[in-house]
Amino acid sequence: MGNPSLSKTEICKILRQLESGMGVADLSHIYGVEEDVLHQWMEQYGSQASGKPGMKMLEDENCILKQIVTDFLLERRALLKYRISSEALQDDGSYCGLTDCEQSAADVPPAEPGASRADETVPAEQGEVDAQGVPMEAANGQASEMHKTVRGILEQSRIIPALRSFEFIPAAIASPSLVVSLLYGNPMTIGYVLRKLRGAGKLPIANLDLLTGFAQDCDAVTLLVKLGVAGVVSTHQSVLRAAHSQGIIAMQRTFAVDSIASRNITRSLHHFVPHAIEVLPAVVAPLLVPSLRASNPELPVVATGLVNSMRQIEELVQHGVTSVATSNSSLWIL
């Protein structure tokens, strides 16, 4: 009863009648085709007849989208919970959204003109204390130890992968670097990326200035900590102070475009010393290393921007740069 003269288009038309609810026996009788042949056609042409080519690919994409939406809802719930708790604190008369470190700093009265603030990083006289009542000598010693720790981590990551899109995540994971710099992301996708990197044993450091959908404040830092960042990069000292108080790496991003900018970078370290400093463009980093290390010998320096060869990376390290961050994935595995 088979009908070999039917074209592929006609076969698909018959199969679509099956999908609309017509029975196999009825179609077999109408078109003079054996039921076994109809079943073979369904296996061979089923996806084409239904107008759904590439179903496996679409199903995979659908699973990824569902995961992203789920991550977004969980992150939104975490952020909402944090904001609610902040509002409750505000009702008690405290500072909404401030971390303990910032709360204590906010309670310190303004310094007299020409006087040094207690939380500034300046050589401590005997008996001086910081805003939390900790002797300045001890506080500076703790900061120095943290700088040593961060420097040790960065020395294990001479070439830091700088991620700009999803497609380079596998290459970043395969790199020998312990640290991965995250230059993209938003509240819907950042959780997925951080879990992938953390699951591979990496320490993701997010550039908060480049992420979209995040404010430059301590609420954003708190949320990123909950999602798994190991540190943040920013040009804003308020963000870096929040990261410092949260116990994650605070890396200051700086642009050394001229001699004035270079002097301002060095001068800013008298007020706040980050755990590491990132210098752009990379070529000027060796020129800043002596002045940056003059008062902070353990301060790690990361060079980034316009890095295009392994030879350039080797020269930067030879001139005192701790690590080099680059988005050029061909250099990550060298």
Side-chain angles (χ1 to χ4, degrees), residues 147 150-151 153-169 171-172 175-185 193 197 202-212 214 216 229-237 239-240 243 249-269 272-293 296 299-334:
H147 288 127
V150 174
R151 186 171 184 175
I153 292 172
L154 292 175
E155 285 176 347
Q156 298 179 53
S157 310
R158 291 296 191 186
I159 305 176
I160 300 175
L163 276 178
R164 292 188 178 277
S165 64
F166 286 101
E167 62 183 298
F168 293 107
I169 292 178
S175 75
S177 175
L178 182 61
V179 174
V180 174
S181 179
L182 195 55
L183 307 182
Y184 79 101
V193 178
L197 295 175
K202 302 296 183 179
L203 296 177
I205 298 181
N207 189 320
L208 191 52
D209 296 353
L210 298 181
L211 301 184
T212 57
F214 289 91
Q216 303 294 326
V229 297
V232 295
V233 180
S234 179
T235 57
H236 301 276
Q237 283 200 4
V239 170
L240 298 174
I249 298 172
M251 186 180 298
Q252 182 174 332
R253 184 177 175 89
T254 58
F255 297 86
V257 293
D258 54 29
S259 58
I260 295 177
S262 300
R263 285 196 297 269
N264 289 337
I265 293 169
T266 305
R267 190 178 298 117
S268 70
L269 297 179
F272 174 76
V273 181
H275 297 133
I277 192 163
E278 184 182 69
V279 179
L280 292 93
V283 67
V284 303
L287 302 177
L288 288 179
V289 168
S291 59
L292 292 175
R293 297 256 173 83
N296 302 278
L299 180 66
V301 177
V302 178
T304 187
L306 303 178
V307 177
N308 51 33
S309 70
M310 188 60 188
R311 180 178 179 181
Q312 183 183 7
I313 293 174
E314 292 173 347
E315 290 177 350
L316 289 168
V317 173
Q318 289 172 3
H319 286 84
V321 170
T322 311
S323 303
V324 178
T326 176
S327 58
N328 186 344
S329 60
S330 66
L331 301 174
W332 295 351
I333 59 174
L334 298 178

Between H275 (side chain) and A250 (backbone), is there a donor-acceptor pair under 3.5 Å?
yes
Would you indicate whether L306, at its atom CG, is surrounded by more than 12 heavy atoms from other residues, nucleotides or ligands within a distance under 6.0 Å?
no
Tell me if a side-chain donor or acceptor on Q216 pairs with a main-chain N or O of V239 at a distance below 3.5 Å.
no
When every non-hydrogen atom of S323 is compared with those of S157, the smallest separation belongs to OG-O, 3.1 Å
Do K202 and S175 have side chains that get closer than 4.5 Å, going by heavy atoms?
yes
Do side-chain atoms of S234 reach the backbone of D209 as a donor and acceptor pair under 3.5 angstrom?
no
Grab the two heavy atoms, one from W332 and one from P176, that are nearest each other, plus how far apart they are.
O-CD, 3.3 Å
Would you say that I160 contacts L154 through its side chain, given a criterion of any heavy-atom pair below 4.5 Å between the two side chains?
yes
On a heavy-atom basis, which atom in A206 and which in V229 lie closest, and how many Å separate them?
CB-CG1, 4.1 Å
How long is the gap from CD1 on I205 to CD1 on I249, to the nearest 0.5 Å?
4.0 Å
Below 4.5 Å, heavy atoms only, C-beta onward: do V324 and I159 meet side chain to side chain?
no
Kindly indicate whether the side chain of E155, heavy atoms from C-beta on, has any atom under 4.5 Å from the side chain of T322.
yes
Could you check if a side-chain atom of I265 sits within less than 4.5 angstrom of a side-chain atom of L288, using non-hydrogen atoms only?
yes
Specify the closest pair of heavy atoms between P286 and A282, including all atoms of both residues, with the distance to one decimal.
CD-O, 3.6 Å
Greater than 12 external heavy atoms within 6.0 Å of R293's CZ:
yes
Counting C-beta onward and ignoring hydrogens, is there a side-chain heavy-atom pair between Q237 and S268 closer than 4.5 Å?
yes
Can you see which heavy atom on S291 is nearest to which on T266, and at what distance?
OG-OG1, 3.6 Å
Do V307 and N328 have side chains that approach each other closer than 4.5 Å (heavy atoms only, starting at C-beta)?
no
